[in-house]
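To keep things clear, I will list the structure first and then write my remarks on it.
In what follows, every chain begins at residue 1, and chains take the letters A, B, ... in the order their sequences are listed. Because the structure is a prediction, the values reported are computed rather than measured.
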There are 2 protein chains.
Amino acid sequence: MTRAILIFTALIIFLLSVFKLGHYAYFSRNISNELVLAIIAVVFLVIGIYLNKKSLHKKPIPPKHINTQRIIQLGLSKRECEVLREISLGLSNKEIAEKLFVSESTIKTHVSNILVKLDAKRRTQAIKKAREFQIIPL
Amino acid sequence: MTRAILIFTALIIFLLSVFKLGHYAYFSRNISNELVLAIIAVVFLVIGIYLNKKSLHKKPIPPKHINTQRIIQLGLSKRECEVLREISLGLSNKEIAEKLFVSESTIKTHVSNILVKLDAKRRTQAIKKAREFQIIPL
DNA sequence: ATGGGACTCATACTAAAGTACTAAATTGTT
DNA sequence: AACAATTTAGTACTTTAGTATGAGTCCCAT
């Protein structure tokens, strides 16, 4: 958010500078007028594409946006989200433990907490709810 | 691709038209010069956003209907597909048994067969593969 | 009518999953 | 530094999931 404001401020300053240049340096000449127009067009075309890319998919690979708002509402921690994602990939507790370099006991604790927070009885139900809540990719 | 070329051609024509207008109508006035610049900037910003949105929105693959072709390939029976769907809804074997009015043993048999046919070790992995194969709704 | 496929059910077993605690180390914030 | 939240890990236990095997019933097609 703050970054977006900064970028916009920079853009406005840049725009004003170009206007100034158009005024002082190329006041009487008409050829340069067109050049300024063209530059403005191209620059803003690029800016438009850039802005949209930033706003639409922040991370390149998962096109679908995860609902961070709901993750906070549910009180899911960072690690729990990680475990939840691995569950959705069909891994067992043991496999998740090996993948994340922790013990199986730890994963069991995480899973239990996830089930409580998602109000699910089983990990399969947790997957279903996580999909509905859009808190896991794909 | 062809559509993109057409759009670009239209844009170039539009740009040239604006140039012409800038030449004939607002030749001597400097105030309107800035106005034209501003319009160009806004228009191309919008165009940039629009173009990017078009290219990005094509990405999400429409899951649409279930792939009956693959179900046949995998050799999944009608009942097995039914059980698979219930698994994806997060139900336990017991719950599925009650829902389909059969014993839990029957469901266990079905699940085992499903796992073999989908080459999955767990029901969670079966869900993941079933999604990829598009043989379950949503 | 015979055979094959699908569906059903059972038993006995092993392997995961999940619960209910307790507790230490880590991390971030005030 | 003090505090809360997170992450880690353990034990002991219950429940669910999954495997292996065998067997009975039904329906459909050759």
So, does [X] get its side chain near the phosphate of [N], meaning an N or O under 4.0 Å from OP1 or OP2?
X	N	answer
A:Arg79	D:dT8	yes
B:Ser103	C:dA10	yes
A:His110	D:dT8	yes
A:Ser112	C:dG18	no
B:Thr106	C:dC9	yes
B:Ser77	C:dC7	yes
B:Asn93	D:dT16	no
B:Arg123	D:dG18	yes

Rounded off to whole Å, could you give me the [atom1]-to-[atom2] distance for the [X] and [N] pair?
X	N	atom1	atom2	answer
A:Gln125	C:dG18	CD	P	11 Å
B:Ile87	C:dA17	CD1	P	14 Å
B:Glu95	D:dT15	CD	P	15 Å
B:Lys94	D:dG18	NZ	C1'	17 Å
B:Glu104	C:dC7	CD	P	19 Å
B:Ile127	D:dG18	CD1	C1'	15 Å
B:Leu115	C:dA15	CG	P	17 Å
B:Lys108	C:dC7	NZ	C1'	18 Å

Legend entry - Closest-nucleotide ordering on DNA chain D, the 5'-leading residue of A:Lys117 and A:Val102: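 Looking at DNA chain D, the more 5' nearest nucleotide goes with A:Lys117.
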Legend entry - Test: A:Arg79 and A:Glu82 ion pair at under 4.0 Å: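 Salt bridge: yes.
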Inset, instruction - Could you tell me whether B:Arg122 and A:Glu95 have a side-chain N and a carboxylate O separated by less than 4.0 Å? - result: yes
Identify every side-chain donor-acceptor pair in residues 130-138 of chain A under 3.5 Å, counting partners at least two apart or on other chains, and give the distances.
none

Legend entry - Sugar-phosphate, base or nothing in reach of A:Ser92, heavy atoms under 4.0 Å: sugar-phosphate
Legend entry - 4.5 Å side-chain heavy-atom contact, A:Val83 and A:Leu100: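 Yes - at least one pair of side-chain heavy atoms lies under 4.5 Å apart.
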Inset, instruction - Could you pick out which residue, A:Asn113 or B:Lys78, lies toward the 5' side of DNA chain C when each is mapped onto its nearest nucleotide? - result: B:Lys78
Inset, instruction - Identify the heavy atoms of A:Cys81 and A:Leu76 that sit nearest to each other, and give their distance. - result: SG-CB, 4.0 Å
Inset, instruction - Could you please name the option among D:dT16, D:dG10, C:dT8 that lies closest to any side-chain atom of A:Ser105? - result: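 Nucleotide nearest to A:Ser105's side chain: D:dG10.
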